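These numbers come from a predicted model, not from an experiment. Side-chain atoms are counted along with the backbone in the values below, which use heavy atoms only and exclude waters and symmetry mates. Letters go in sequence order (proteins before strands), and every chain restarts at 1.
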Amino acid sequence: MFEKFDPREGKKLEIMNENGEITPINEIPLMNDSQILEGYLVMLKTRVADEWAISLQRQGRMPTFPPTKGQEAIPLGALMALNQDDWFVIAYRELSGWLYRGIPLRNWYGYYYGNEKYAHLPTNKYHTFPPSVPIASQLLHTSGLAYAEKFKKTGRLAIGFVGDGGTSEGDFHEALNFAAVWKAGAIFIIQNNHYAISCPREKQTITPTLAEKGFAYGIPSIQVDGNDILSVYGAVKMAAERGRNGLGPTLIEAVTYRLGPHTTADDPTLYRSEEEVELWKPKDPLIRTEKYLLSKELLTSEKIEALKEEFLAFAKEEFQSVETSEDPTIEETYNYHYKELPEIMKEQLKERKERK
Amino acid sequence: MFEKFDPREGKKLEIMNENGEITPINEIPLMNDSQILEGYLVMLKTRVADEWAISLQRQGRMPTFPPTKGQEAIPLGALMALNQDDWFVIAYRELSGWLYRGIPLRNWYGYYYGNEKYAHLPTNKYHTFPPSVPIASQLLHTSGLAYAEKFKKTGRLAIGFVGDGGTSEGDFHEALNFAAVWKAGAIFIIQNNHYAISCPREKQTITPTLAEKGFAYGIPSIQVDGNDILSVYGAVKMAAERGRNGLGPTLIEAVTYRLGPHTTADDPTLYRSEEEVELWKPKDPLIRTEKYLLSKELLTSEKIEALKEEFLAFAKEEFQSVETSEDPTIEETYNYHYKELPEIMKEQLKERKERK
Amino acid sequence: MRALTLLEAVNDAYKTEMRLDPFIVTFGEDVGVEGGVFRATTGIQKEFGVERCFDSILAESGIAGTAIGMAAAGLKPVIEMQFSGFAWPAFNQIVSHIARFRNRTRGAITMPIVIRMPYGGGIRALEHHSESYEAIWGHIPGLKVVIPSTPYDAKGLLISAIRDPDPIIFMEPKRVYRSIKQEVPEGAYTIPIGKAKVISEGDSLTMVSYGAQMKEATAAVGELKKLGVSVELIDLRTIYPYDKETIINSVKKTGRFMVVHEAHQTFGVGAELITKVVEEAFLYLEAAPVRLTGPDTIFPLPRGERYFMISTDEIVKNAKNLAFYSI
Amino acid sequence: MRALTLLEAVNDAYKTEMRLDPFIVTFGEDVGVEGGVFRATTGIQKEFGVERCFDSILAESGIAGTAIGMAAAGLKPVIEMQFSGFAWPAFNQIVSHIARFRNRTRGAITMPIVIRMPYGGGIRALEHHSESYEAIWGHIPGLKVVIPSTPYDAKGLLISAIRDPDPIIFMEPKRVYRSIKQEVPEGAYTIPIGKAKVISEGDSLTMVSYGAQMKEATAAVGELKKLGVSVELIDLRTIYPYDKETIINSVKKTGRFMVVHEAHQTFGVGAELITKVVEEAFLYLEAAPVRLTGPDTIFPLPRGERYFMISTDEIVKNAKNLAFYSI
Ligand SMILES: Cc1ncc(C[n+]2csc(CCOP(=O)(O)OP(=O)(O)O)c2C)c(N)n1
Ligand SMILES: Cc1ncc(C[n+]2csc(CCOP(=O)(O)OP(=O)(O)O)c2C)c(N)n1
Ligand SMILES: [Mg+2]
Ligand SMILES: [Mg+2]
């Protein structure tokens, strides 16, 4: 199926267009309406939570964090196509997938608020890795997870996310090659949001697509409209089938656009034009899904407004729980380096407490 | 021209076959007889020098070193297609190119004998980098050199060598991408000798060729018969033209076979069969060139024997000059860390001399 | 003279030198159009063109590795690692090549490369954005490691680094980036690499610190004076090769020695300096030398970062104990 | 019991543990069919199959990075870096992830990974094949660093490392690989990580060493005995977290302290140990502690390597001076 969408021939998977119109494609798994609605709710919740975090940051209540606005369809569509116990390996912009997987919003907030305890995600419950800051490094974890599950014959897959800029790191190369040689059930998703901080996609590499890089490893690779949850879902569903059938990894480039700043510390006006942003606004994954659901009368404007309020109240609550929770104790900042705190560190801890 | 040899279509450039018969290919630059003869002489000298070093190692007079037997056509054919002031960036198996460039054999011997002074190659004379042990790292130097020459508008190129195994390292990926984005005049040559120590090429990556990896960076890429000096020459000549015309880098996979061990410390019988080696012996680049020259009566068997003796005498002399030269002084092992020896190291040196 | 922040001083050093030497090039992630995430390279691409100042591809090994080729071909690369915590993918190129080319080739190929990197904590940053790993860089033979603590020093030391014929890890204390302004002369001036600076003379004890930690150290010296403790405060400035002479001479005078650094303790800079003092001034010591350092923990996320940092009060208390200790 | 070389002891430890724990996997360059360039994994692929012992792709970041995923999914990766000098491409994965996952996730994801690597010089090797960088590994919070010096220790420590719930850098002194044979029990036994071993008791001075350097240190102890110097020789065994107690107790008894290590000096292990001794046993010291180490140079190619190594004679001479020094 992937051959029909060879990115080198300029082909790209697009199912739902900007107007919220769906053109199903033979053999490509299609989300049904209830799934689309379910997805929409998570996208909306993600959007509201993300915007609330920005306003918290502006109020000085939240440290620097990376907004996800405009990219919600990708992690979400991907996880909807997978099982709860497939491994979810994120970069740092995958809030929608996080929420879909059932991980509390407070854990996302709390991590960026600056407390490690919120990154304590029991793996048997969530099969999710915490945010990975060193660019592209997490793709190797993905390959390793996929190897282990193949070793254990569990049928579980591992999906790893990376940005467009991340494709330039050596780890991207090594991760894809390891997974391919192992025929491991890994799925790699590039969230091509057109920028690596200020560096435009065009300066990162001269190939017309990022997807085609997969062929260098013998990996079937496809470019999809990353602002269309149905395209993402369809591609990941097919990738998962390959993976579960022991056919090895797949690479998916999901083309999208970061509507907000890189992080709250970033000033995008330095490197991109207002016109460009305007061009992308109508392509917003949330809006087009909304259009579809409205046109199908699966949703009303009133309902949307009500949901927004509900989600905002929820986001506020979640953040409040973070803001009012205890900071780590000094012991907590020592105790998790090793199963047992070494004598040397114990003494440092003691000295530290006495030093004041 | 490169399009006509798309490795993804199973195409490979082959000009002179195992029997020493030449089939010229339209538009591909062809070596003339005097060049072939010149090349043969260097290959023969390389072969003799290499074998002498092995026998020295067996006698305990030479430490571990990596033989080059069977791969002589590649660095040589490449450098014959370039200018003396194009940068030559080696891994550790490029003796034929080293000699062609006019770098004394004693420097090669002396480096592997274990004295840094032999790696003192004035760049304005040789434009050559010393052996690079960390696999694939040297390709980034190649890209940087090409950038600098483009910056300085000298028209000089940089050619970098790597093994089949080296294509798996992250640095391979980054080097090709940097050069491509910069449209820098770099030429990358993979010496695919089918093994990375004991690891066969097939376990390194699942793509049918290594050449096709270049397309992931938008780099024209070609596979050539690396045991045919004419193919290597032709491909590099075309790559050089691209580079000098500002069209950017080229990737060349030269398919060859390591007829000897990985290094003198290696035991190839652990991982490859005698039959396989036998299969490759008739493809030896030296033998086929010899066949051609003999058939053209540009050479006689007697002449070859005389040359072998001459080269062996030469190799012996060169090694002798190394073996009888002074070891480094202790000062020399300190003095080249910085332009000026820091106080801290001066004191260590003094202490060290007094310590005994 | 103008008062500049440390960041502005770095920018000024760049421009000053790039006007003088057409072979200086600078690149790294976002250093071109944007001028770097901290704006250290603001305006450079505009003034010197895209060949001399540009965004690199997102690949640190590539940044360091290509700088090697450039240096060998006669350019003077000044590269930026966006944060010191992201220099690790370049570690192989730096350790295996940049630090070694001069020795490997007995001087035929040298590596006049400056590797700038913001380092250190105290700014409520994301993971990997707060570490202080100068001891690792200092432990690599063939590298020099420089850390300025003020805008004036930043400019003078960066110019020295750019002119230095050898590779230099130039670590910029990001906590200081915008926190202070200082008069910084126009035009070029240099500060010698390998020389520490005596900030205050004193005879009760010798205190060595560097980088962002100089702020608390300096404040502590003021407090200690009130308590009758006269501190000889030394800004180390260069981590390797460090200025042994200034330290030892001071300790011979004061008899008491203390190192204060933000980086964690074990195998840190403090251990080296104390050992050197013990080796060379043992008989002068009136008390065991003291190191006040970060703990052997990973730098905590913002809510825990206070447990890592060293306050003025802590320095005062420990220095007082050291000063009044008697055997 | 059989007499084994250190290499054979490593191989024996592997097999002993792999028979007990089906989740142990081992991979690295050439470790499969060939059994590793030193043959540490000989016979393992044959006995345990290609899923549990295999050649990796030639990519160290990939080796370490994929081990992370394996560990998180319940495997126990024991990986090999072919030489410690080639571990640097993996540095980012090790420092930024392997060392940090437990703390980052407050224990949800842990990294029970063993990273084996031959290290050290004295074997007339090519460039990058002779370095001793244990101080760098020891300086990374979240890692443990273990160095055996004998076949017996190698087996016991490697089994402990494999069973340890945390990541361990296991550095094998390649100079010792085949140079000595020692009785090594069959079956599993462990040696505690974090505990040093007193090799000889003595009261003239305390000498700490480890790894390949133990050979000369041990020989020196014999020579010194003849000179009337009774040395308490301690094999450190674990670089981090090191066994402070054993060292300090010994120094309190002997009053004199000396560290001997092959690695170069500045910011090395010797500095840390001396500083710790000074911090905790200052008043017991009858002489300034001494470090006998390699110089701050790059490890020379074979013809110069003798300038780097430390001989028995040098140890004897310096220990004698230390023992007979009086203030
Ligand atoms: C190894 C490494 N280098 C640099 C950084 C700093 N940095 C953080 S995000 C970023 C850009 C990433 O761009 P991209 O991969 O496109 O992902 P996006 O942020 O656009 O989602 C950079 C350079 C880092 N986190 N890790
Ligand atoms: C970064 C790094 N890792 C490992 C090694 C050890 N090593 C030396 S040669 C080699 C195999 C290289 O294979 P290939 O690239 O095919 O080159 P060849 O030796 O066949 O010419 C390895 C793994 C090294 N030198 N550098
Ligand atoms: Mg991006
Ligand atoms: Mg090879």
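Proximity to chain C involves both the backbone and the side chain of B:Glu116, based on heavy atoms less than 4.5 angstrom apart. For B:Asp171, the part sitting under 4.5 Å from any heavy atom of chain C is the side chain, from C-beta outward, and nothing else. In this structure, chain B has no heavy atom under 4.5 Å from any part of C:Pro167. Proximity to chain B (any heavy atom under 4.5 Å) is shown, for C:Pro141, by both the backbone and the side chain. Using a 4.5 Å cut-off between heavy atoms, C:Asn103 touches chain B through backbone and side chain atoms alike. For C:Ile57, the parts sitting under 4.5 Å from any heavy atom of chain B are the backbone and the side chain alike. With a threshold of 4.5 angstrom between heavy atoms, B:Ile344 approaches chain C through side-chain atoms but not through N, CA, C or O. Contact of B:Thr142 with chain C is not made at all, since no heavy-atom distance falls under 4.5 Å. Both the backbone and the side chain of C:Glu51 come within less than 4.5 Å of a heavy atom in chain B. With a threshold of 4.5 angstrom between heavy atoms, B:Phe151 approaches chain C through side-chain atoms but not through N, CA, C or O. Using a 4.5 Å cut-off between heavy atoms, C:Ala72 touches chain B through backbone and side chain atoms alike. Contacts between C:Tyr242 and chain B at a heavy-atom distance below 4.5 Å involve backbone atoms as well as side-chain atoms. Both the backbone and the side chain of B:Tyr338 come within less than 4.5 Å of a heavy atom in chain C. Neither the backbone nor the side chain of B:Lys150 comes within less than 4.5 Å of any heavy atom of chain C.
A salt bridge is absent between C:Glu245 and C:Lys195: the closest approach of a Lys/Arg side-chain nitrogen to an acidic carboxylate oxygen does not fall below 4.0 angstrom. Under 4.0 Å is where a charged nitrogen must lie from a carboxylate oxygen, and between B:Glu340 and B:Lys346 no such pair does. Ion pairing between a basic and an acidic side chain is recognised when a charged N comes within 4.0 Å of a carboxylate O; B:Lys350 and B:Glu347 show no such pairing.
Annotation: B:Tyr217 is in aromatic contact with B:His173 [ring centroid separation under 6.0 Å]. C:Trp88 has its ring centre less than 6.0 Å from the ring centre of C:Tyr133.
In this structure, the separation between CD1 on C:Ile98 and CG on C:Asp166 is 12.0 Å, given to the nearest 0.5 Å. Rounding to the nearest 0.5 Å gives a distance of 12.5 Å between CG of B:Leu210 and CD of B:Gln191. Rounded to the nearest 0.5 Å, atoms OG (C:Ser209) and CE (C:Met258) are 9.0 Å apart. Put simply, CG on C:Leu273 and OG1 on C:Thr206 are 11.5 Å apart, with the number rounded to the nearest 0.5 Å.
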Problem set entry | Residue pair B:Phe88, B:Phe161: steps toward the ring pair (Phe, Tyr, Trp, His ring centres under 6.0 Å) verdict | CA-CA 8 Å; B:Phe88 176 38; B:Phe161 290 77; 5.7 Å; yes

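Most heavy-atom pairs under 4.5 Å with chain C, from the set B:Leu145, B:Leu139, B:Val133: that is B:Leu145. Among the candidates C:Ala108, C:Ser56, C:Gly107, the residue making the largest number of heavy-atom pairs closer than 4.5 Å to chain B is C:Ala108. Chain B forms the most heavy-atom pairs under 4.5 Å with one residue out of C:Pro241, C:Pro77, C:Ala59, and that residue is C:Ala59. Options B:His120, B:Gln138, B:His337 differ in how many heavy-atom pairs under 4.5 Å they form with chain C, and the most are formed by B:His120. By number of non-hydrogen pairs under 4.5 angstrom with chain C, the leading residue of B:Glu343, B:Glu149, B:Glu332, B:Met345 is B:Glu332. Chain B forms the most heavy-atom pairs under 4.5 Å with one residue out of C:Asp164, C:Leu143, C:Asp243, and that residue is C:Leu143. Considering only heavy-atom pairs separated by less than 4.5 Å from chain B, the leading option among C:Lys244, C:His97, C:Arg100, C:Arg104 is C:His97.
With no hydrogens or angles considered, a side-chain donor-acceptor pair links B:Thr205 and B:Lys213 at under 3.5 Å. Side-chain contact, B:His141 with C:Gln93: a donor N or O sits under 3.5 Å from an acceptor N or O.
Here the rule is side-chain hydrogen bond (donor to acceptor under 3.5 Å, both in side chains) with C:Glu47, and of C:Arg52, C:Lys15, C:Arg19 only C:Arg19 fits it.
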